[in-house]
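This report refers to the structure that appears directly beneath it.
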Amino acid sequence: MPTTLIEPAALAARLADPDWPSSTAVSSSRFLSGARFAWAAGHIPNALYAHLDHDLSGPRTALTGRHPLPAIAALSATFGRWGIDKEVQVVAYDQGVAAYAARLWWLLRWLGHPQVAVLDGGIGSWSVPGCRSTRPPRCARRGTSRPPRPRIWW
């Protein structure tokens, strides 16, 4: 399973392979209206949408920066709602230069989930031959197992 980068053609082949473990692609962005509209207009099949402020950051306070780390319990609950468990390969991508996808990659790794890769080139690279897009939004499947426990590196 890829753990750093995955090429669009490799992802397309794996999505079509019934023997490959379940995969979840997550598109992330900071700009709610424009990015959600772009995601709804076309995304990787079964991809979920993640918002930087609402899904991948904790609440802002006078003592934090713009995008503080979310609480571990809240982040684990979000990933659990998305159906991410220890068996799921996650592919993160965004509409830009992968800054938001990299944050999602890091957050999953921080929680101890090694099966996560960033789509090389983002959604712009997905238009290569053999890569199809999905238009209607899909609902996330419910997670049946507990989200991974975080590994704290001190």
Side-chain angles (χ1 to χ4, degrees), residues 1-58 65-70 72 75-76 78-141 143 145 147-153:
M1 288 190 214
T3 59
T4 306
L5 286 175
I6 186 167
E7 295 295 324
L11 177 58
R14 290 178 185 229
L15 289 175
D17 182 356
D19 294 327
W20 198 52
S22 180
S23 175
T24 298
V26 180
S27 171
S28 57
S29 176
R30 177 172 176 228
F31 306 104
L32 183 60
S33 58
R36 188 175 283 285
F37 178 76
W39 175 85
H43 54 269
I44 295 171
N46 298 319
L48 305 171
Y49 176 79
H51 189 274
L52 175 65
D53 294 326
H54 303 147
D55 300 314
L56 306 178
S57 298
R66 270 192 314 195
H67 301 108
L69 288 176
I72 290 171
L75 187 60
S76 294
T78 297
F79 292 156
R81 276 193 317 276
W82 292 348
I84 298 172
D85 62 24
K86 65 181 183 169
E87 303 298 320
V88 172
Q89 169 71 47
V90 177
V91 176
Y93 69 94
D94 59 34
Q95 286 78 22
V97 294
Y100 304 120
R103 181 178 178 99
L104 175 61
W105 179 91
W106 186 88
L107 287 170
L108 281 160
R109 300 287 299 209
W110 178 56
L111 287 182
H113 188 80
Q115 302 94 267
V116 58
V118 173
L119 180 63
D120 195 10
I123 193 63
S125 67
W126 187 249
S127 60
V128 298
C131 299
R132 65 182 178 85
S133 292
T134 300
R135 289 193 135 200
R138 298 278 184 112
C139 294
R141 63 187 184 283
S145 64
R149 291 187 55 197
R151 279 189 277 180
I152 310 274
W153 301 96

(request) Report yes if the side chains of Ile6 and Arg14 come closer than 4.5 Å at any heavy-atom pair, otherwise no. (result)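 Result yes, sub-4.5 Å side-chain heavy-atom pair found.
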(request) Kindly indicate whether the side chain of Ile44, heavy atoms from C-beta on, has any atom under 4.5 Å from the side chain of Leu15. (result)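 A side-chain contact exists here, since the closest heavy-atom pair is under 4.5 Å.
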(request) Give the minimum heavy-atom separation between Gln89 and Ala117, together with the two atoms involved. (result)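 Gln89 and Ala117 have their closest heavy atoms at NE2-N, 3.7 Å.
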(message) By the definition side chain to side chain contact (heavy atoms under 4.5 Å, CB included), identify the one residue from Val88, Val90, Asp55 that meets it with Trp82.
(response)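 Going through Val88, Val90, Asp55 one by one, the side chain to side chain contact (heavy atoms under 4.5 Å, CB included) with Trp82 is satisfied by Asp55 alone.
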Distance (rounded to the nearest 0.5 Å) between [X] [atom1] and [Y] [atom2]:
X	Y	atom1	atom2	answer
Leu104	Leu75	CG	CG	8.5 Å
Ile84	His113	CD1	NE2	6.0 Å
Gln115	Glu87	CD	CD	7.5 Å
Leu119	Ser125	CG	OG	4.0 Å
Leu48	Arg81	CG	CZ	11.0 Å

(request) Under the side chain to side chain contact (heavy atoms under 4.5 Å, CB included) rule, collect the residues that match up with Leu69, sequence neighbours excluded. (result)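 Counting only residues at least two positions away or on another chain, Leu69 forms a side chain to side chain contact (heavy atoms under 4.5 Å, CB included) with Arg103, Trp106, Leu107, Trp110.
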(request) Tell me, with the steps shown, if Leu56 and Tyr100 meet side chain to side chain contact (heavy atoms under 4.5 Å, CB included). (result) CA-CA 9 Å; Leu56 306 178; Tyr100 304 120; 5.6 Å; no
